[in-house]
Amino acid sequence: MASGTALIYDAEMTTHKLLWSDPICDIEVPERLSSSYEQLRSYHLVERCVHVPAREGTEEEILLVHSLEHLEVAKSTQTMNEEELKRVSENYDAFFFHPSTYRCARLAVGATLQLVDAVMSGKVRNGMALVRPPGHHSQRNAANGFCLFNNVAIAAEYAKLKYGLQRILIVDWDVHHGQGTQYIFEEDPSVLYFSWHRYEHQEFWPSLKESNYDAVGLGRGKGFNINLPWNKVGMGNSDYLAAFFHVLLPMAFEFDPELVIVSSGYDSGIGDPEGQMNATPEVFAHLTHFLMQLANGKLCVILEGGYHLKSLGESVCMTVKTLLGDPVPQITGEMAPCLSAIESIQNVRAAHKPYWKWLAYEVPPIKTATIGCEGSEHFLPEHVQLMKEMDKTEIKALVSGFYADLVKEDKTLLSLGSLFVILDRILKKEVCNGITASPTAALSTAVALRHSVRFGFQRVLCVFVGDMEMIPNTEDGKMLIINICEKEQSGKTSCKHCISLNWKEDAEGNDFFSALVGFILPVAYSYQPNLTVIAVGPNRSLEISGISLLVALLQGLAESRIFAVIEDTEISLMQNVAKALVGASTPSFGIYVPPTQEKVNKIKALRGQFQQEWKMLQCSGKLSDFIFNSYTQ
Ligand code: X5A
Ligand code: ZN
């Protein structure tokens with residue numbers, strides 16, 4: 001293994017600067033580079049590194065990633081006056097041109113490639129390049145987010161071409177999503193791209209859907225794009241370490257890269273105005289140390305963001321010290337990731353489960369998803385994941401196509417927003433179960449059933465408690481509905497896939513147990529559903545304890561995959577169903593009351609009627625003969 005650490009810095013890259021006032025761009029200052037270098041000097045790290053000069057990246061190299069048009073626009077800015085520069089800059093989201101920008105960006109590309117050459121040729125083991133402008137937001141045909149050319153993406157293409165590399169890992173620990181890098185390698189399985197980023201459920205810049213954990217890559221590149229969105233600010237050392245332990249490192253070791261390149265933004269560090277995170281400079285020593293164990297130590301660290309000069313400088317020093325092989329400093333703070341971090345980690349693991357052997361063995365431990373309503377955190381059990389609702393236009397688009405015949409009013413339309421969000425998580429197997437409140441449970445249930453079948457589920461069991469004003473068509477056998485209601489429903493006859501069970505729970509105590517074990521469970525087990533929908537509508541004839549028991553016992557089916565729809569916000573019912581779903585309580589039965597003769601007869605009749613079709617109902621040949629006979633006399 002080669003030895004030595006390269007350091008690339010060229011003061012000329014400090015000449016690129018903002019010439020007019022722009023509160024978005026004014027944090028990307030030349031001092032970011034010069035003060036980081038000064039900090040390295042003061043720790044005597046500069047003299048311990050191998051100095052490698054920067055160079056200009058060639059046009060050909062830039063064209064490995066960018067369009068000719070983009071290159072030409074950038075080139076044309078060299079001779080522009082301030083007004084013209086401002087006008088071109090306005091074509092992009094968060095970018096500014098200076099007459100020296102093009103030259104600096106070419107130096108940034110060239111410095112990055114010099115580092116790749118130094119590492120790949122064995123001149124050094126690893127190294128860092130301090131560059132401006134940064135690169136990871138830059139796209140084939142656009143500058144973006146302070147970035148003109150995508151230094152790291154060009155480096156990866158260059159390394160593939162020049163050294164014939166087949167597997168390159170890019171680790172983007174900048175606090176922003178390097179969407180530019182994602183776009184460039186989205187379909188490329190030879191580049192594994194990992195990015196964590198402040199996301200806040202798409203509120204934070206660049207506010208893209210494709211920054212979420214479910215963007216896993218496209219086509220042949222599926223599984224080679226890893227996004228870990230942070231949905232809260234304040235992430236700290238333990239959250240970052242957990243992300244490495246439970247997401248990046250398992251995948252990285254399985255991928256077995258030949259070269260690791262870091263998109264090294266330090267705006268993910270404490271004090272940064274953009275990131276608002278809490279990780280201390282020491283954490284970057286640890287992250288660097290982990291990555292040094294890959295690719296036989298071939299590690300190229302390229303500066304991206306970082307806007308708190310002190311934090312930036314300290315973090316750069318931690319990185320370079322570690323590259324040099326110094327002992328890794330102790331990490332501070334309580335060593336426990338926060339709940340929001342755990343959620344994000346679980347989500348990305350679930351999304352990548354199909355693509356990585358490492359993740360194949362586990363079931364997502366997030367069990368229950370729901371949409372939070374005002375104050376819901378006080379009454380829902382712990383570990384229920386709160387989801388964000390869909391907006392109106394999204395729901396409309398979805399509903400107008402496939403559910404228009406069911407949904408006629410705007411009011412009901414809106415109530416379906418949470419239904420779709422939660423049900424989709426269950427269908428995609430990202431969570432085990434979920435719960436939603438609805439003003440119209442029967443309609444929501446009909447939509448949920450059709451949505452699940454359309455998604456590809458072959459057998460969906462629905463147990464509906466209460467008046468079911470709307471009965472979906474169950475003829476194709478893809479749904480089995482058991483409706484537990486108080487009144488005998490005249491005109492509605494039961495058939496194999498749509499069974500009506502008239503049952504009014506005894507107020508004195510619990511006799512529902514006998515209906516559950518005597519009829520509902522045997523039918524459900526005979527059907528072998530791959531999803532269970534439990535709905536509670538108006539005029540429910542069961543007490544909360546009976547419904548909780550139903551929820552608890554039906555978890556034996558469909559790999560415990562349950563979607564619960566509860567009419568309105570009957571808080572204590574919601575609370576108890578949620579508890580049963582997370583497994584936080586065993587329902588209390590109340591006093592056992594033996595069923596009345598009338599109820600026994602009812603169950604017997606149903607058993608007789610259905611035991612040929614649902615064979616788990618059979619328990620005695622004689623009994624069935626008896627029932628059969630008594631009903632055909
Ligand atoms: C490289 C980098 C951030 C752009 C933020 C724009 N860019 N609001 O950190
Ligand atoms: Zn950034």
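Whatever order the structure lists them in is the order used to number ligands and atoms, beginning at 1.
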(request) Using a strict 4.0 Å threshold on nitrogen-to-oxygen distance, state whether Asp188 and Lys160 make a salt bridge. (result) yes
(request) Check ligand 1 against Glu274 and write out every atom of the ligand that is under 4.0 Å from a heavy-atom position of the residue. (result) 5 (C)
(request) Mark up the atoms of ligand 1 that fall under 4.0 Å of a heavy atom belonging to Pro134, in ascending order. (result) 1 (C)
(message) Taking Glu56 first and then Arg103, would you say they form a salt bridge - that is, a charged N and a carboxylate O separated by under 4.0 Å?
(response) yes
(message) With salt bridge (Lys or Arg N to Asp or Glu O under 4.0 Å) as the criterion, how do Glu28 and Arg132 come out once you've worked through the C-alpha distance, each side chain's angles and the decisive distance to 0.1 Å?
(response) CA-CA 9 Å; Glu28 211 285 89; Arg132 277 181 76 245; 2.6 Å; yes
(request) Report yes if Tyr307 has an N/O atom closer than 3.5 Å to an N/O atom of ligand 1; otherwise report no. (result) yes
(message) Side chains of Cys147 and Phe95, heavy atoms from C-beta outward: is any pair under 4.5 Å?
(response) no
(request) State, yes or no, whether a side-chain contact exists between Met235 and Arg198 at a heavy-atom distance under 4.5 Å. (result) no
(message) Looking only at N, O or S atoms in His176, which is nearest to the Zn ion (ligand 2)?
(response) ND1
(request) Would you mind checking which non-hydrogen protein atom is closest to atom 7 (N) of ligand 1, with the distance to 0.1 Å? (result) Gly145 O, 3.0 Å
(request) Considering the heavy atoms of Asp267, write down every atom of ligand 1 situated less than 4.0 Å from one of them. (result) 9 (O)
(message) Under 4.0 Å, heavy-atom basis, I'd like to know which part of Val175 is in contact with ligand 1: side chain, backbone, both or neither.
(response) neither
(message) One thing to verify: whether Glu38 and Arg41 come together as a salt bridge, which I'm taking to mean a side-chain N less than 4.0 angstrom from a carboxylate O.
(response) yes
(message) Tell me whether Glu83 is salt-bridged to Lys86, with the criterion being a basic N under 4.0 Å from an acidic carboxylate O.
(response) no
(request) Ignoring angles and geometry beyond distance, decide whether Trp205 reaches within less than 3.5 Å of ligand 1 through its nitrogen or oxygen atoms. (result) no
(request) Below 4.0 angstrom from a heavy atom of Asp174, which ligand 1 atoms are there? Numbered from 1 as shown, please. (result) 9 (O)
(message) Angle at the Zn ion (ligand 2), OD2 of Asp267 to OD2 of Asp174, rounded to 10 degrees, please.
(response) 90°
(request) Between His136 and ligand 1, find which residue part has any heavy-atom pair under 4.0 Å and reply side chain, backbone, both or neither. (result) side chain
(message) Quick check: do Met251 and Val247 have side-chain heavy atoms less than 4.5 Å from each other?
(response) yes
